[in-house]
Amino acid sequence: MNYDHILIRYGELALKGKNQKFFIRTLRSNVQQALSDYKGLSIKGQRDHMYILLNGEDPYPIIERCKDIFGIQSFSMAMKVNNDEESIKDGTLEAIKKEEGQTFKVTCKRPNKEFPKSSQEMNRLLGGHILRNTEGWEVDVHQPDAAIRVEIRHDATYITSGRTEGKGGLPVGSTGKSLLMMSGGIDSPVAGYLTMKRGVKLEAIHFHSPPFTSERAKQKVEDLAQTLTKFGGDVTVHYVPFTELQQKIFKNVPEYYGMTVMRRVMMRVSEQLAKQHNILSLATGESLGQVASQTMESMNAINEVTNYPIIRPLVAMDKNEIINIAKEIDTYDISIRPYEDCCTIFVPKQPKTRPKREKILELEASVDFTQEINEAVDQVETVVYKNNANQKQDSFDDLL
């Protein structure tokens, strides 16, 4: 008798009430997509758990993939046995034989209330069975070396040992889409990652200004998008040619207001693109007070040009917190490559940190960016990045 399943526990999904089925279907689809190159797997979602039938596949690389899937609270290797006392006793004994240590604890849960014995009765029964049939093991209910969990469900009983924490959050794609303004720096990919954690399907927009920005700067964005695919499947990036717009802004607007006007123009372009792709929000990597364009006054002035909600998951974080997440998700080393994006090449020496809306409107009244904005939107290059670990697309026609 061997571990032949991976048991997935939900977390937030268990609290979704009437919408729970939708969230579970979305999570199952995401797990299926992440593991599609494993042809022997079966994945089934239930109301309070999901399990992966391994069918002989090596569980450890599958567990590594599952660690990056939002919506999974935790998971464990599991044996599936029949819902009868003898089968459960045999499975529990087999589980403890696979463990190392001197102390153990058995914890039984009984979602299937039709099973004749209570959870406490099963704890005593199974613990006694282990003690009678092994040597060197003792019971420790507080800090055991091995924790055996027995879950008696309606379809079967699952016996697990060990628990691996998942990323939690909500399944990507369960709460809509957002357009991430991705510069190539440290902050924006972290913002994208945290936005996906709340169930958002991510698309990104990047403004590039050749020849002032190099192809290597664009390559940073490509690599960042590719890295984010492991957390939420395919990531679409829209590359906006921004040279003419950027030159016109800094030619016609006083230098100290140039950054604010440029950000307003970027918001206008992003909103147009979002409307074209049925996206209902924008996302940024802004952290309050970090740079001149991220003061309260600047955000107020920049927001004026759009009615779209703007998701700012980093707004209350300091730089060290952001860097720590970037390192954890493997975007930091990409972001610090020394290639400038269009937000840094024309940074004024003394940017306005408290821009006034009235002054900005006065400046913009003297120059019209509408034609250049429309042309930039028309010339957008769109690229879809796919998870490298999921390049082989296999069908799962037998799944529930």
Handout entry: Geometric class of the F207/F242 ring pair [parallel <30°, tilted 30-60°, perpendicular >60°]
Key = perpendicular
Problem - Residues E271, R268: salt bridge by 4.0 Å N-O rule - result: no
Practice task
Using atom types as modelled and distance alone, determine if a side-chain donor or acceptor of S214 lies under 3.5 Å from a backbone N or O of R216.
Solution key: yes
Handout entry: Ring centre gap for H5 and Y3 strictly below 6.0 Å
Key = no
Exercise for the section: Report the relative orientation of the aromatic rings in W137 and F104; use parallel for angles under 30°, tilted for 30 to 60°, perpendicular for over 60°. Expected result: perpendicular
Exercise for the section: Check whether the side chains of Q32 and S29 place a donor and an acceptor atom closer than 3.5 Å, and report yes or no. Expected result: no
Problem - Presence of salt bridge, K201 and D234, under 4.0 angstrom - result: no
Handout entry: Verdict with supporting geometry, Y38 and E57, side chain to side chain contact (heavy atoms under 4.5 Å, CB included)
Key = CA-CA 8 Å; Y38 289 91; E57 295 281 6; 3.6 Å; yes
Practice task
Report yes or no: is the cationic atom of K44 (NZ for Lys, CZ for Arg) under 6.0 Å from the centre of the six-membered ring of Y51, at an angle within 45° of the ring normal?
Solution key: no
Practice task
Answer yes or no: is there a side-chain heavy-atom contact under 4.5 Å between R163 and R9?
Solution key: yes
Exercise for the section: For the residue pair L7 and F75, establish whether any side-chain heavy-atom pair is separated by less than 4.5 Å. Expected result: no
Exercise for the section: Answer yes when E286 and R263 have at least one side-chain N-carboxylate O distance shorter than 4.0 Å, and no when they do not. Expected result: yes
